[in-house]
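The residues of the chain are indexed from 1 along the displayed sequence.
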Amino acid sequence: MARRLPSIHPSSNPRVESLEGLGALVRNARAQARMRIDDAAAFCGVSADLLSRLENGKSITTDRLFKVLEGLGLEVLVVSREQALKLKDVAQQESE
């Protein structure tokens with residue numbers, strides 16, 4: 001069976017509150033890069049099974065998570081809740 005590209009969701013919220021949310025962001029980044037899961041996994045240096053588990057909200061090891069994020073051009077930013085709300089306000093103003 002041919003592997004298809006997932007749909008792109010342009011309004012994805014970058015704030016992650018769960019593994020499912022993180023997986024959705026990773027899947028969306030892969031879709032925007034127009035990469036099939038097996039190609040993206042090979043590019044990131046992980047198995048397609050591992051990438052699938054991540055995209056479906058299952059836990060994976062932190063080192064592998066960072067490999068996937070780096071491979072897809074994503075960053076982790078740890079800020080206080082107050083800073084996150086300010087960043088959200090700025091992002092909303094820029095999109096208006």
Side-chain angles (χ1 to χ4, degrees):
M1 178 171 83
R3 296 187 184 248
R4 297 179 302 136
L5 294 173
S7 300
I8 297 173
H9 300 282
S11 62
S12 292
N13 181 355
R15 185 170 183 223
V16 174
E17 298 180 6
S18 66
L19 288 175
E20 291 80 11
L22 177 60
L25 287 173
V26 168
R27 178 180 286 120
N28 198 48
R30 177 173 64 81
Q32 289 176 340
R34 303 200 41 79
M35 296 180 82
R36 297 179 319 171
I37 194 164
D38 50 342
D39 295 330
F43 184 76
C44 295
V46 299
S47 70
D49 178 64
L50 180 131
L51 184 53
S52 175
R53 288 195 323 264
L54 172 60
E55 290 185 358
N56 286 294
K58 307 297 182 203
S59 64
I60 63 170
T61 61
T62 308
D63 61 325
R64 297 240 165 59
L65 170 62
F66 280 107
K67 284 180 81 167
V68 170
L69 295 178
E70 182 179 339
L72 294 176
L74 301 172
E75 293 284 329
V76 173
L77 176 64
V78 179
V79 297
S80 70
R81 183 162 291 148
E82 181 180 315
Q83 290 171 316
L85 293 173
K86 287 179 185 177
L87 290 171
K88 182 180 176 183
D89 289 343
V90 169
Q92 285 178 338
Q93 289 172 0
E94 288 179 359
S95 68
E96 293 175 352

Donor-acceptor pairs under 3.5 angstrom involving side-chain atoms of residues 68-79: please list them, not counting sequence neighbours.
none

How long is the straight-line distance from [atom2] of [Y] back to [atom1] of [X], given to the nearest 0.5 Å?
| X | Y | atom1 | atom2 | value |
| --- | --- | --- | --- | --- |
| K88 | R81 | NZ | CZ | 11.5 Å |
| L22 | S59 | CG | OG | 11.5 Å |
| E82 | L87 | CD | CG | 11.0 Å |

Criterion side chain to side chain contact (heavy atoms under 4.5 Å, CB included) on Q32 and N28, from CA distance to verdict: CA-CA 6 Å; Q32 289 176 340; N28 198 48; 3.6 Å; yes
Cluster link I37 to V26, ILVMFWY, side chain under 4.5 Å: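 Both belong to a single hydrophobic cluster.
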pair F43-D39: side-chain heavy atoms closer than 4.5 Å: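 No - every pair of side-chain heavy atoms lies 4.5 Å or more apart.
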Check: K67 side chain, G45 main-chain N or O, donor-acceptor pair, under 3.5 Å: yes
Using distance only, find each side-chain donor-acceptor pair of residues 49-57 under 3.5 Å and give its atom names and separation, not counting sequence neighbours.
residue: D49; atom: OD2; partner: R53; partner atom: NH1; Å: 2.5
residue: S52; atom: OG; partner: N56; partner atom: ND2; Å: 3.3
residue: E55; atom: OE1; partner: R27; partner atom: NE; Å: 3.4
residue: E55; atom: OE1; partner: R30; partner atom: NH2; Å: 2.9
residue: E55; atom: OE2; partner: R30; partner atom: NE; Å: 2.7
residue: N56; atom: OD1; partner: R27; partner atom: NH2; Å: 3.4
residue: N56; atom: ND2; partner: S52; partner atom: O; Å: 2.7

